[in-house]
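Reading through the structure tokens given below for one structure.
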Amino acid sequence: MTKVIAGATTSVDGFIAGPEETGFEHLFAWYTAGDVEYQSTHPEVPFHLTPADHAYFSEFLHRVGVFVVGRRLFDLTDGWGGSHPCNKPIVVLTHHIPHEWIDTHRGAPFTFVTGGIKAAIDTAATIAGDHWVGVNGGEMARQALEAGLLHELWVDIAPVLLGGGVPLIGRTDGPVLLEDPEIFPGTRVTHLRYRIL
């Protein structure tokens with residue numbers, strides 16, 4: 001069975017975006033805090049990491065074969081112009097298929113699913129093969145968690161308080177127990193891996 005993880009960089013107060021889509025320069029400062037380059041498909045989205053953060057990031061991307069994102073992130077990025085910066089296939093959970101976007105981005109490794117979070121993760125697992133499925137933080141992570149589909153939560157905590165915005169998970173139906181985390185110190189970030197009990 002394919003492992004499903006949710007991951008995101010979050011502020012100390014639990015937000016993956018600040019009010020009105022702000023705060024990203026603080027959340028993602030660790031992506032440019034070092035001298036070790038990770039090759040991006042987008043020159044305008046550089047990754048220059050410290051050796052420790054590069055090792056962590058590289059392992060994550062080596063294990064994950066496909067990302068599941070929501071329509072909100074897809075629309076905010078315009079589907080990254082048809083190519084995710086980390087060069088991974090993308091499954092987009094949506095209510096409406098963006099046929100015009102698909103027509104203008106022929107061959108882009110994007111799959112659009114309208115059948116709910118389980119259908120999106122099942123589709124992603126087929127694409128991922130022997131690799132893991134990575135679920136975006138926010139609403140996608142919450143839905144996957146509530147459906148009992150998540151195995152692990154990888155959280156990159158940036159040393160900033162955003163005061164509001166988009167939560168890492170959002171409101172759940174009740175307590176969700178996690179194992180004690182594996183902790184990986186970084187520069188302008190602390191990486192935590194939790195297994196969901």
Proximity of His54 and Trp30 rings by center, below 6.0 Å: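 No, the ring centres sit 6.0 Å or more apart.
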His84 and Phe67 aromatic centres sub-6.0 Å: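 Yes, ring centres under 6.0 Å apart.
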Side chain to side chain contact (heavy atoms under 4.5 Å, CB included) evaluation trace for Ser11 with His26: CA-CA 8 Å; Ser11 63; His26 306 299; over 6 Å; no
Plane angle bin for Phe57 and Tyr31 - parallel if under 30°, tilted between 30 and 60°, otherwise perpendicular: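 Ring orientation of Tyr31 relative to Phe57: tilted.
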Geometric class of the Trp132/Trp154 ring pair [parallel <30°, tilted 30-60°, perpendicular >60°]: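 Taking Trp132 first and then Trp154, their aromatic rings stand perpendicular (interplane angle over 60°).
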Note: Glu152-Arg193 ion pair, threshold 4.0 Å (strictly below):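 No salt bridge links Glu152 with Arg193.
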Test: Asp75 and Arg72 ion pair at under 4.0 Å: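 Looking at Asp75 and Arg72, the cut-off is not met.
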Ile5/Leu150 under side chain to side chain contact (heavy atoms under 4.5 Å, CB included): CA gap, chis, key distance, verdict: CA-CA 6 Å; Ile5 67 170; Leu150 284 186; 5.8 Å; no
For [X], I'd like to know if atom [atom1] has over 12 heavy atoms of other residues, nucleotides or ligands within 6.0 Å.
X: Arg142; atom1: CZ; result: yes
X: Glu20; atom1: CD; result: no
X: Glu21; atom1: CD; result: yes

Taking the side chain as C-beta and beyond, is there a heavy-atom pair between [X] and [Y] under 4.5 Å?
X: Leu197; Y: Glu179; result: yes
X: Ile157; Y: Val189; result: no
X: Thr111; Y: Val92; result: no
X: Val69; Y: Val91; result: no
X: Cys86; Y: Phe47; result: yes
X: Thr94; Y: Phe74; result: no

Which heavy-atom pair separates [X] from [Y] by the least distance, and what is that distance?
X: Thr2; Y: His151; value: O-CE1, 3.5 Å
X: Pro181; Y: Tyr194; value: CB-CE2, 3.5 Å
X: Val160; Y: Asp13; value: O-OD1, 4.0 Å
X: Leu27; Y: Thr9; value: O-CG2, 3.0 Å
X: His95; Y: Thr114; value: O-CG2, 4.1 Å
X: Gly18; Y: Leu162; value: N-CD1, 3.7 Å

Do [X] and [Y] share a hydrophobic cluster (ILVMFWY, side-chain heavy atoms under 4.5 Å, transitive)?
X: Leu178; Y: Val155; value: yes
X: Leu73; Y: Val66; value: no
X: Ile90; Y: Met140; value: no
X: Phe110; Y: Leu76; value: no
X: Phe24; Y: Leu49; value: yes

Distance-only polar pair, side chains of Trp80 and Thr41, donor-acceptor under 3.5 Å: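 Looking only at side-chain atoms, Thr41 and Trp80 do not form any donor-acceptor pair under 3.5 Å.
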Flag for Tyr56-Asp156: side-chain donor and acceptor within less than 3.5 Å: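 Yes, side-chain donor-acceptor contact under 3.5 Å.
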From [atom1] ([X]) to [atom2] ([Y]), nearest 0.5 Å:
X: Leu153; Y: Leu168; atom1: CG; atom2: CG; answer: 5.5 Å
X: Thr190; Y: Ile183; atom1: OG1; atom2: CD1; answer: 8.5 Å
X: Asp130; Y: Lys3; atom1: CG; atom2: NZ; answer: 14.0 Å
X: Asp180; Y: Leu192; atom1: CG; atom2: CG; answer: 11.0 Å
X: Glu139; Y: Ile169; atom1: CD; atom2: CD1; answer: 10.0 Å
X: His96; Y: Phe112; atom1: NE2; atom2: CZ; answer: 13.5 Å

Matching residue for Gln143 among Leu93, Ile121, Val135 - test: side chain to side chain contact (heavy atoms under 4.5 Å, CB included):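 Output: one option passes, namely Leu93.
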Ser58 side chain to Ala55 backbone, donor-acceptor under 3.5 Å: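 Absent.
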Evaluation steps, side chain to side chain contact (heavy atoms under 4.5 Å, CB included), between Val68 and Val133: CA-CA 7 Å; Val68 176; Val133 170; 3.8 Å; yes
Residue pair Thr50, Val36: steps toward the side chain to side chain contact (heavy atoms under 4.5 Å, CB included) verdict: CA-CA 6 Å; Thr50 64; Val36 185; over 6 Å; no
